[in-house]
Each structure stands twice: as C-alpha cells, then as structure tokens.
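Note on naming: letters A, B, ... go to the chains in the order of the sequence lines (proteins, then strands), and numbering restarts at 1 for each one. Because the structure is predicted, anything quoted here is derived from the model rather than measured.
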Amino acid sequence: MEPVYRPERVEREAQAFWDATGAFRAVEIAGRPKYYCLSMFPYPSGKLHMGHVRNYTIGDVLTRYYRMRGYNVLQPMGWDAFGLPAENAAIANGVPPARWTYDNIAYMKSQLRSLGFAIDWARELATCKPDYYRWNQWLFLRMLEKGIAYKHTGVVNWDPVDQTVLANEQVIDGRGWRTGAVVEKREIPMYYLRITKYAEELLADLDKLPGWPERVKLMQANWIGRSEGVNFGFPYEIDGERKLLRVFTTRADTIMGVTFNAIAAEHPLAARLARDDPKLAAFVAECKAGSVMEADLATMEKKGMPTGFFCTHPLTGARVEIWVGNYVLMGYGEGAVMGVPAHDERDFAFAKKYGIPIRQVIALPGKTYSTDEWQEWYADKEHGTCVHSGKYDGLGYGEATNAIAADLKAKGLGDKQVQWRLRDWGISRQRYWGTPVPLVHCAKCGDVPVPDHDLPVVLPEDCVPDGSGNPLARRAEFVHTACPRCAGPARRETDTMDTFVDSSWYFARFASPDAGGAMVDARVDYWLPVDQYIGGIEHAILHLLYARFWSKVMRDLGLVKFGEPFANLLTQGMVLNHVFLRTDEKGKRTYFAPEELDIVHDEAGRVTGARARSDGRPVEYAGISTMSKSSRNGVDPQALIEQFGADTARFFIIFTSPPEQTLEWNDAGVEGASRFLRRVWSLAHELSAVLAAESRRRAGAYAQYAYPADWAAQHPQLAAARREMHANVKQATYDIGRQQFNTVASAAMKIYNALAAVPRAGDAAQAAAPLLHEGFSILLRVLYPIAPHIAHVLWRELGFADDPMGASWPDADLQALETDELELVLQVNGKLRGHLRVPKDADRATIEQLALGHDAVAKHADGRAPRKVVVVPGRLVNVVV
RNA sequence: GCCGGGAUGGCGGAACUGGUAGACGCAGCGGACUCAAAAUCCGCCGGCCGCGAGGUCGUGCGAGUUCGAUUCUCGCUCCCGGCACCA
C-alpha cells in the first residue's frame, strides 16, 4: 500500500473499477425497492461551476447512501441544451449554437466523470437532439387537439434598432443590451398553454407533497394566487354602442368609494379614445416605452391621464371618469381596474398626485379618517364596516361583498368570481436555438398542425444568429413547405418553444431514453415519480410549476400514472460570488472575472472596489450574486480537482455548509478537507498490517463486532473511543436523514479523531486490533458517500469484503453509548453555575437533593430560599431563588 | 414594489422538541521536529475585568413571552433568491 495519499492514482483506480464493473447501470428489477435520485440537469454553458459541484455531490451522496441501504438506485444525467447563451456565443464568436453546445457538453461531461459521480451514463440525453424534442412537438400537438394549447397575442420587449425581440435578461434599465435603445412593448401572436385550467389542482396538490420544503410550497401557492372577488362591468356608450368596462376586485365592499377607473394603454377603449385626442395618443405611446418585466412595472412611477370619457357606476349611476394608467397591464385580468383611493394604498397615492376625489366608505371604531396621509387601517377588511354606502352601511367585509355581488348580479352586470394570479404559459420564442413549433401557415387552410408522421420538424444545426432576429426565418428551405392539408405552398412557423418545455418532462424520458416510437414507455411506471429531486432554490416556482403542470397533462393523456413528478425535493442554496463590471455610456455592461482583477478591501475585509489587471483602470463592484456565465463570477472547479482531487472537492463543498443554505464562495478550508483525507490515508497505511491481518482472521466480515463482557471495564480508553465512534454513527445517520450533510462530514472527522487517539504504540495496536478494524469499517462507510474514491480504495486495501457501495451503512450500537453516570448542568436562575455528576438512573428527588446541596447554589442564592427547582432529565437542573 | 428565505467568534459553520452558545474545520498565535523551509505533530484560541479562582457581556437591531430564548411572538435593518423571454 502506498504510504502517501495520491488522489489522482486513487481516483483513477476507483473509477476504472466502477467502469469495468458497470457499477452505476440501473436496471429495472421487479420487486426490489427503487430510488430515483435526480439532480436538475445542467445548461451546457461551457464549464461546471461550484453550484453544479454542490448540486451533483448532494445527489451523489444520496445515491450512494441509498445503494448502501439496499435500494435499486437510478441517477441519470443529461443536458438542458437549448437556450439563449448558445445564441449569444454565436453572436460573439460566429460559431453555430449547435457546435458550441456539443463542445460544451463534451467538456462538462468529462468534468462530471472526473468527479466520480455514480451516474448511469447510458441514459444520457440532450434536449437539442431531434429524438428528444420531437416529443415536445408531439405533445404540443396533443395539447392543441385538447384545447390546452392555443394562439393569442402577447406583449414582448422590442428593440427598435436591432428589430428583434429581447429576453428580459437582455433589457438593462429599460434599454437593449446591445444597442442601448429604449425598449418598447410590442404585441405579437404567440402560442400559449392553458396552465390556468390546472390552477386549482396545482394548488390543491401541494398538500400531497409532504417531502417538499414549506417555503417552496408557499411560494408556489402565492404564485398561483387564488383570490375570491367580484367581476363586474361599468356600463358606457361609445359610437352608439352600449358596452361594459369589466373589472375584477377583491374589495367589492368598497365599490361605493370608486372615484375613477384606470385602463391599460393597450386596452381597446384607450386606442379608441386616443383617436380623437392627440394628447392621450401621445400618452398611450409613452406607456409603450419600457420593458414588460413585472419588477420594472411595479417599481416605476405610476402615471395616468384622464380621458374625459365617463362610464356609469353600476350601483349609484354616478359618472366615473376613465383614466389611462401606465401601471395597468393588458393581460392581467381585464386590463382595467376600479379606483378606490380611500382604501387602496396605490390608488390613494395616485389620487393625491392627480387631485382625484377620495371618498371614505369603510370605518373602524375609534379611528378617524384623514386624506392627509395613508394609514394601514384604511385597507383593513377584517374589522372595518361600510359607511357613506347607503343600504350597505354597517355591513362588514363578507356581508357587504355578498350584498353587492347579489345586487350586481340582479342587474346582470356581474357576479362573484374566483380569480387566479397565475397566467397562461406563453411558450413562443422568436429565436432559433429551440424546439420548432410544429405548425404550417397556409393562406388557404390557416394554421395547420404538422402530421405526427412528419415529426420531428428538424431544426437545421448550421445557422448562426447575429442578433438581428431569428435566422430560421431567413432559411428558405426551412420556411417554404407544402401545406399538409391542401398541398399548396405554405410557410413553416419559425417560432421555437420556451426551453422550460424541454425541462418539463426530461425526468420521465430518463426512464426510457431509447424509446423510439413513443414519448415514454412502461419503464416510467417502474422509476417514476422521482424519489428525490435536487436543484437550486431559483427554480422554486417556474420550472417546478411547469413540470408539475406538464406531468398532469401527460397523466390526462394516459402517458404516465403520476400527477406529481417529484415526491421529495431538496432545494439547494445558491453559490454566490462577487460581481464586477463596467458600464459604458450606452448602458452596455462588461463583466470581469475576479481573477482578472486586483480587488480592494477595507479594514473589515469587505470588498470596496477593484482594478482590471489588463488596463489598471477601476472596475465597479456590484455586490454578490449567483455564479453564472453571464456575470462571469463562476468558479471553475477544475483547478481544485487538479490540485487536490475530486474527493477533496466533494468533501469540501459538503462540509462547508448545509445544502439548503446560500453559500458565499470562499475556498479557505479546502486545505483542511485535503488534510483530513491525507490523515485518513496515513493512519490506514500505518495500521495496514494490523488491519489486514484482522480482516483475514475475520474473513473480511465487518458487520458484527463482539467484545468480551469485561472489555469495557478492562479498557476504559478503548470503550470511550468506541462510544465516540458509535455516537457519531448515530449522529451521521440522523443527519443524512434530515439532509444536513455538513455534519455527516463532521461526524466522519470525529470518528477519525477517536480512532487516531486509540493507543497504538508497540503492542497496543495488536491489543486494539478489533476496535481499530471496527472503527475503520465505520469510518470508511460513513465517508464513502461523500469521498467515494478514497473510501473504495482503502476498503479494498484493508481487506474488507465486497466493495463499500455494496456494504451496508453502519448501525450504531446503542449499548456502546451507555455510561453509568451522567453530567448534568447546574443552573441558578437560568445561569450556568456548575456541574452535577449523577447516576444514570437517579430519580428526580435525588437530583434535587444533590443540586440543593451544591456549593454553587448556596453561593449564588445569596441567602434566598429556593422557590422552584426545574429538572430536565439527562440535561440540567435549574434552581430558581 | 410584491412573494420566499437568511444574519451565530477573524472565517465556514454546530447546537435534534425552548435547556451547557461556539462541536467539527479554516485562519492566527505558541511550541516540537529541521541547517532552514514545507509537510507533520502537540498546545492555546468570542469580547471585557481579574495574577488567579472567577465574574461579566455576547447569536443583525429594538421590544415581549418564559425558571430559562440562537430557537417562540411583534416591530425594524441589511443581504440573497424569484417576479412569468437567463436557466
């Protein structure tokens, strides 16, 4: 055995063994308990970053742990291979997205392999391959047939210079990322998926997911956003026609306080009124500037313009002026909202700004309403009652809402309605690198679906986007086609699908990656649902909601039997790093990687600024955020792996923080992980003769260790070491169960420390041989899920039977933990004043007696008599005086 | 702006159901070994007062509940994630 730990040799040896034995191939075995462990597949951005290492190490720890527990485990891997970065790379380098993507996949796969993850690579898939995305197209056509997919207009970010649609990410402070031009909103035709049809079920089924973090379920529930209210209309007449301005409100009880209504700039009525009013037309045009992002809309200054046009209050018959507001969005509900300044904080601010009347209609006992300043209670619907509201005066929120809804219904103007915040999923992208939408546009037949037998509609792989729109639309041989219905000349749809489509069902395809004639086959019934899904908390809403929706659609089509794809979810905290950038006069940002800079810190060690090494000029510090390719703050694990080995990288990332916690990257401590593994190796080497002999004596067995009855009494030091080992096995098992893996790594270190403290000079090692053997069998098995290469190689070197993946996880021997005496903490008035040794079976009265007789109690009681004695069994005594 | 989460020594973190705050590790300091350095090994290591025994303060800030609060409640501050076309 090598005297010194050489990670590269150890890792080569272990990986060769796993490859040769096909150790990670997952085969369906009827009757054996299965465990499908899935980490979110990566976007092939170029190289792995620490977030990937963290994600996949967590998955691998669970995969190997469940293998040791006897489960038939599947851990697959694939590539979320369509997406915007490939097009950005093409704009920058002229390399076709396909080639860039495949090159990145090859490199990142080699990195994943070097980390030794127990992945079944035979199931690898890439979403940019036709045999995958053809099923996106196929299911889209099924949704079209069922009315789940439909065509409708939608608003997008438009760069007027590049004449192209921009992603939200490409809009910086309201301007296009490349041109610096002010972005406009533009309405275009799009395809939508009717996720709102499933809103009720998506919300209700959250209760069927006890294995999901509460915070994720809460975020999803809030996102879906069920609210009960009233949908009703304000009658108006225009061009000789009677119409209704429809609004939805959850505060129908305040309807008598309506003093204005606001409509979106895109509302048909706004367009109509602007026709006769140049000032309004200018305002409507102004509202079109800026992005469509919710965060922008919510933070921008609320502006409005009166139209001079009035509708009628449905209950009072009063005239209510209609305003156009830049904060009202078409596509949210009806594109119109009623304005009740007295009882809505935003309406209040808007009314004060524009001098719109504020009319109090809710009162609280003991409170005085004033229009001078907004008060929290103005919006209180729990305790308020109606005032200045005629027949509704004195009613509370529920009664008033019911009465008003009934009156509106009687007039045929409205009714109660359940409204969802969730909107339908727009999947059209005016981009090249994605799944082609399988439709053909024919002048005679309209939008015609591509027949199933013509799928897939294959995306040409040699286009090079240049930032000025979709190159697919300029590819004549793609665009020009024959209408499947009338065989006449027709145009292919050139929009592609949102990449969230790709990731909405890949977990099912892993069960049957080679199914040629179907989306999935019977093997999904064996593996699905996923037993443990692991991925970043940033996916808490969108990806997970879309995957849940897609699964329900597949279920309703009879393709799968499950309605919820992920039984248990572990949301990993983000790995963060500092971000540095420069912004030019056009607002264009250039990011700098930390290694390109000299970083300036203040006395407290905080980053205050930096200079680029290349030109010595200052660079702006933009705080810390998620490691990403776009902000160039990713840390490539390659250097770490090359310098210290995969096991050190894995051990370090696990040890440094619990999985769900946000992690600010800092590699101080990597040395410690490396040192620990070297120490384990050195101790194994030092004891290899003793341990190998013990292994031979026991024929490699590691499950049962029996010690003579008087062993503990004879060898108190060894018994203490054994107690420490088993206490930590217990701890590690508990912690792995609650997915706190950093303390599993700590437990491994503590087991090592106990083992290293066992006397082993001269003949002592011989005397302690059984304990050392037991201790190593425990240490290597606890270590195995985290640092499998070294554990695998040492396991075999020391002569243990099997290999550690086939070995069972150690059981704590609870008898080894028992002691005759306990040490209790002694408190006086809740402050630590001493310790108390008591027999382990001492009763309450005895403990109280011992406590009251303790010197520290007399000293700190200051002559006062004890009023109360609190005894917490096995822990502490608190004497209250 | 809205939704969700976080804050504990110089640093990463531990503390299981309200019960010894700081496990384990990093950095630092002192020592051993060495011609020397690295590596390795041993010891110390929250602040303040004290020679010491010990005392006292201390888990982002401010209140509260409790015999006892890092843990529960209320109100703040700052940071992170998401906000529907980054993935």
Side-chain angles (χ1 to χ4, degrees), chain A residues 40 42-43 45 80 82-85 88 154 156-157 165-171 213-216 218-223 225 292-300 327 346 421-431 498-500 503 536-543 545-546 571 573-574 576 604-605 623-626 628-630 652 655-658 660-664 666-673 675-676 678-679 682 731 734-735 738 740 742-743 745-750 753 823-832 835 867-870 872 875-881:
Chain A
M40 290 181 187
Y43 179 79
S45 57
D80 190 11
F82 275 138
L84 196 56
N88 294 342
V156 294
N157 303 308
V165 176
L166 296 179
N168 284 338
E169 189 192 47
Q170 296 171 320
V171 179
E214 286 305 320
R215 57 172 170 165
V216 174
L218 193 54
M219 279 190 267
Q220 292 221 346
N222 290 341
W223 183 265
V292 299
M293 283 149 78
E294 160 87 17
D296 285 353
L297 297 168
T299 49
M300 74 186 177
Y327 60 97
R346 281 172 303 177
R421 206 189 76 97
L422 181 68
R423 309 199 299 264
D424 277 343
W425 175 13
I427 59 158
S428 295
R429 297 292 179 270
Q430 297 67 45
R431 269 184 256 296
D498 182 3
T499 56
F500 275 127
S503 53
I537 184 67
E538 77 275 25
H539 294 297
I541 297 175
L542 293 180
H543 160 60
L545 192 66
Y546 292 145
T571 43
M574 301 280 78
L576 311 178
I624 50 177
S625 65
T626 312
S628 74
K629 191 180 176 68
S630 55
F652 173 68
F655 177 67
T656 199
S657 165
E660 300 213 292
Q661 194 163 303
T662 300
L663 173 60
E664 283 181 33
N666 177 359
D667 63 7
V670 173
E671 300 265 5
R675 199 173 299 151
F676 167 64
R678 282 205 301 274
R679 280 199 273 245
S682 300
Q731 185 69 45
Y734 176 77
D735 286 341
R738 62 175 178 151
Q740 183 174 285
N742 56 323
T743 47
S746 295
M749 288 176 146
K750 290 178 186 175
N753 289 344
E823 191 176 66
L824 300 185
V825 161
L826 178 61
Q827 294 182 339
V828 179
N829 286 343
K831 292 201 176 192
L832 175 68
H835 296 271
R867 286 196 290 134
K868 183 173 171 185
V869 181
V870 181
V872 182
R875 285 212 174 255
L876 63 71
V877 190
N878 185 17
V879 180
V880 185
V881 296

- Item | Distance, P atom - from rC2(B) to rG75(B), rounded to whole angstrom | 14 Å
- Kindly say if Thr626(A) contacts the phosphate of rG81(B), meaning a side-chain N or O under 4.0 Å from OP1 or OP2. yes
- Task: Could you tell me whether Leu876(A) contacts a base, only the sugar-phosphate backbone, or nothing, with contacts defined as non-hydrogen atoms closer than 4.0 Å?
- Result: base
- Expressed in angstrom and rounded to an integer, what is the separation of Asp296(A) atom CG from rG82(B) atom P? 15 Å
- Quick one: label Ser503(A) by what it contacts on the DNA or RNA (base, sugar-phosphate, nothing), any heavy atom closer than 4.0 Å. nothing
- Mind checking the P distance from rG43(B) to rC35(B)? Whole angstroms is fine. 25 Å
- Message: Could you check whether atom CZ of Arg738(A) has more than 12 heavy atoms from other residues, nucleotides or ligands sitting under 6.0 Å from it?
- Response: yes
- Message: Distance check needed: rA84(B) P versus Arg429(A) CZ, whole Å only.
- Response: 11 Å
- Query: Are OP1 or OP2 of rG13(B) and a side-chain N or O of Gln661(A) less than 4.0 angstrom apart?
  - Reply: yes
- Task: Kindly determine whether Glu538(A) and Met40(A) satisfy side-chain contact (heavy atoms from CB on, under 4.5 Å), including the steps that lead there.
- Result: CA-CA 12 Å; Glu538(A) 77 275 25; Met40(A) 290 181 187; over 6 Å; no
- Mind calculating the distance between CZ (Arg421(A)) and P (rC3(B)) to the nearest angstrom? 10 Å
- Can you figure out which of rC80(B), rC83(B), rG4(B) approaches the side chain of Leu218(A) most closely? rG4(B)
- Message: Heavy atoms only, 4.0 Å cut-off, all strands: where does Gln430(A) land among base, sugar-phosphate and nothing?
- Response: base
- Looking at every strand, decide which applies to Pro42(A) at a 4.0 Å heavy-atom threshold: base, sugar-phosphate, or nothing. nothing
- Of all the nucleotides listed (rA84(B), rA87(B), rG12(B)), which has the minimum atom distance to the side chain of Thr656(A)? rG12(B)
- Closest to the Glu294(A) side chain, choosing from rC86(B), rA84(B), rA23(B): rA84(B)
- Task: Indicate, with a heavy-atom threshold strictly under 4.0 Å, whether Val165(A) touches base, sugar-phosphate, or nothing.
- Result: base
- Message: What contact category does Trp223(A) fall into here, base, sugar-phosphate, or nothing, at under 4.0 angstrom with non-hydrogen atoms?
- Response: base
- Task: Identify whether any heavy atom of Ile624(A) sits under 4.0 Å from a base atom; if not, whether one sits that close to sugar-phosphate; answer base, sugar-phosphate or nothing.
- Result: sugar-phosphate
- Check the surroundings of atom CZ in Arg215(A): do more than 12 heavy atoms from other residues, nucleotides or ligands lie under 6.0 Å from it? yes
- Message: So, OP1 or OP2 of rU40(B): does either fall under 4.0 Å of a side-chain N or O from Arg675(A)?
- Response: yes
- Message: What's the gap between rA53(B) and rC49(B) when it is taken at their P atoms, as a whole Å value?
- Response: 16 Å
- Note on the structure: Considering only heavy side-chain atoms of Val825(A), the closest of rA87(B), rC86(B), rU20(B) is rU20(B)
- Message: Base, sugar-phosphate or nothing for Glu660(A)? Non-hydrogen atoms, less than 4.0 Å.
- Response: nothing
- Take atom C1' in rU59(B) and the same atom in rU8(B), then report the distance between them in whole Å. 4 Å
- Query: Hey, is the side chain of Arg679(A) poking within less than 4.0 Å of OP1 or OP2 on rA39(B), counting only N and O atoms?
  - Reply: no
- Between rG4(B) and Asn222(A), is there an OP1 or OP2 to side-chain N/O distance shorter than 4.0 Å? yes
- Hey, does Ala295(A) reach any base, or is it just sugar-phosphate, or nothing, if we go heavy atoms under 4.0 Å? base
- Please check the phosphate of rC24(B) (OP1 and OP2 only) for any side-chain N or O of Asn753(A) closer than 4.0 Å. no
- Message: Categorize Val670(A) for me: base, sugar-phosphate, or nothing, with a 4.0 angstrom heavy-atom threshold over every strand shown.
- Response: nothing
- Item | N-glycosidic conformation, rG9(B) - syn within 90 degrees of 0, else anti | syn
- Task: Using a cut-off of strictly less than 4.0 Å, decide whether Gln740(A) has a side-chain nitrogen or oxygen near OP1 or OP2 of rA15(B).
- Result: yes
- Message: Less than 4.0 angstrom between a side-chain N/O of Lys831(A) and OP1 or OP2 of rG19(B), yes or no?
- Response: no
- Message: Give me the distance, rounded to whole Å, that separates rG60(B) from rG9(B) when you measure between the P atoms they each carry.
- Response: 8 Å
- Message: Whole angstroms only, please: what is the OH-P distance between Tyr546(A) and rC83(B)?
- Response: 10 Å
- Query: Are any of Ser630(A)'s side-chain N or O atoms less than 4.0 Å away from OP1 or OP2 of rC86(B)?
  - Reply: no
- Task: Using the C1' atom on both, measure rG46(B) against rC41(B) and round to a whole Å.
- Result: 27 Å
- Message: It should be established whether Asn742(A) places a side-chain nitrogen or oxygen under 4.0 Å from OP1 or OP2 of nucleotide rC24(B).
- Response: no
- Item | Euclidean distance for C1', rA14(B) against rA7(B) (whole angstrom) | 16 Å
